[in-house]
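Each remark here refers to the structure printed beneath this line.
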Amino acid sequence: MTSRLRPGVIAALAVLALDQATKLWLLFVFDIGRRGAVKVTPFFDLVLTLNTGISYGWFQNESAAGQAILLAVKAVAVIVLAVWMARSRSLLATIALGLIIGGAIGNAIDRFAYGAVVDFALFHVQIGGKTLNWYVFNLADVAIVAGVAALLYDSFLGAPAAKAP
């Protein structure tokens, strides 16, 4: 492994380990499935949601064929991102791609192990007696969003040398 690729691989492995450790702890030690929603702060709860779709619960599909298709798409995406990471000349882009890859693999492991992605973090706010909820997500999702944001930053505001072919 080249020294240029190492930060991305470390980022991917760190995200994967933290994501899976958190989910395993919540599922099997904290037993969130039995506890139900747990209020952590006035605006944040821990809840168990098994997402059989993709981001934001789109394309919900509980069939084995549907799950296999989603896993295949994810595998192709991880391969494409890994090739991009291997060719990256920017440290920020390399780390960002590692974050995305680690998050994608973490969610793929869930899909394979549980037939759905384990989501657990819920932010909400109460306005005028009405509760507004954000989507339930997990640490892999956070890493993917952070990686995409870092890629956008690097693409538009990063060092000019990073943009050269």
Side-chain angles (χ1 to χ4, degrees), residues 1 5-62 64 66-82 84-85 88 91-126 131-154:
M1 172 179 9
L5 187 59
R6 189 171 291 119
V9 171
I10 290 170
L13 292 173
V15 165
L16 178 59
L18 187 58
D19 173 66
Q20 289 298 298
T22 303
K23 291 171 183 173
L24 289 170
W25 182 83
L26 282 166
L27 288 171
F28 300 109
V29 177
F30 189 72
D31 197 12
I32 193 163
R34 183 185 54 77
R35 288 179 188 239
V38 176
K39 188 177 194 81
V40 178
T41 70
F43 57 87
F44 177 71
D45 296 345
L46 292 173
V47 299
L48 176 60
T49 302
L50 297 175
N51 182 1
T52 58
I54 60 170
S55 298
Y56 308 113
W58 295 345
F59 308 116
Q60 293 290 323
N61 191 331
E62 295 181 15
Q67 292 302 309
I69 290 169
L70 289 174
L71 275 171
V73 168
K74 191 165 292 225
V76 169
V78 166
I79 290 167
V80 168
L81 291 168
W84 183 3
M85 186 172 74
S88 174
L91 176 62
L92 181 58
T94 300
I95 293 170
L97 290 162
L99 292 174
I100 297 168
I101 290 168
I105 293 172
N107 283 341
I109 288 171
D110 290 2
R111 194 169 299 285
F112 183 74
Y114 312 113
V117 174
V118 176
D119 290 327
F120 57 84
L122 173 64
F123 283 100
H124 52 83
V125 63
Q126 192 128 29
T131 301
L132 303 171
N133 294 316
W134 186 245
Y135 298 97
V136 182
F137 60 95
N138 60 44
L139 293 181
D141 300 333
V142 172
I144 292 167
V145 170
V148 169
L151 281 177
L152 289 171
Y153 175 86
D154 190 59

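If you read the sequence from its start, that first residue is 1, and numbering goes on from there.
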Fill in the blank from the handout: Result for side chain to side chain contact (heavy atoms under 4.5 Å, CB included) between Val118 and one of Leu27, Asn138, Ile32 points to Leu27

Problem - Sole residue of Ile100, Ile95, Thr94, Val80 in side chain to side chain contact (heavy atoms under 4.5 Å, CB included) with Met85 - result: Thr94

Problem - Interatomic distance, Phe30 atom CZ to Leu48 atom CG [nearest 0.5 angstrom] - result: 11.5 Å

Handout entry: Euclidean distance, Lys74 NZ relative to Ile105 CD1, rounded to 0.5 Å
Key = 10.0 Å

Handout entry: Leu139 vs Val15, side chain to side chain contact (heavy atoms under 4.5 Å, CB included): CA-CA, chis, key distance, verdict
Key = CA-CA 8 Å; Leu139 293 181; Val15 165; over 6 Å; no

Practice task
For Asp154 and Ala93, work out which heavy atoms get closest and say how close.
Solution key: OD2-CB, 3.5 Å

Completion exercise
All heavy atoms of Gly147 vs all of Ala96, minimum pair found to be O-CB, 3.3 Å

Practice task
May I ask you to decide if Leu18's main-chain N or O and Thr22's side chain share a donor-acceptor pair within less than 3.5 Å?
Solution key: yes

Problem - NZ on Lys39 to CG on Leu46, rounded to 0.5 Å - result: 12.0 Å

Problem - Inter-residue atom distance Leu50.CG - Tyr114.OH, 0.5 Å rounding - result: 9.5 Å

Practice task
Taking all heavy atoms of Ala116 and all of Thr52, pick out the closest pair and write down the distance.
Solution key: CB-CG2, 3.7 Å

Problem - From CA spacing to verdict: side chain to side chain contact (heavy atoms under 4.5 Å, CB included), Ile109, Leu16 - result: CA-CA 9 Å; Ile109 288 171; Leu16 178 59; 3.6 Å; yes

Practice task
Enter the distance from Trp134:CH2 to Leu122:CG here, rounded to the nearest 0.5 Å.
Solution key: 11.5 Å

Exercise for the section: Classify the ring geometry between Phe44 and Phe123 as parallel (under 30°), tilted (30 to 60°) or perpendicular (over 60°). Expected result: tilted

Fill in the blank from the handout: Nearest heavy-atom contact between Asp19 and Gly106 is OD2-CA, 3.4 Å

Exercise for the section: Taking salt bridge (Lys or Arg N to Asp or Glu O under 4.0 Å) as the test, write out the residues that go with Asp141, two or more places apart. Expected result: none

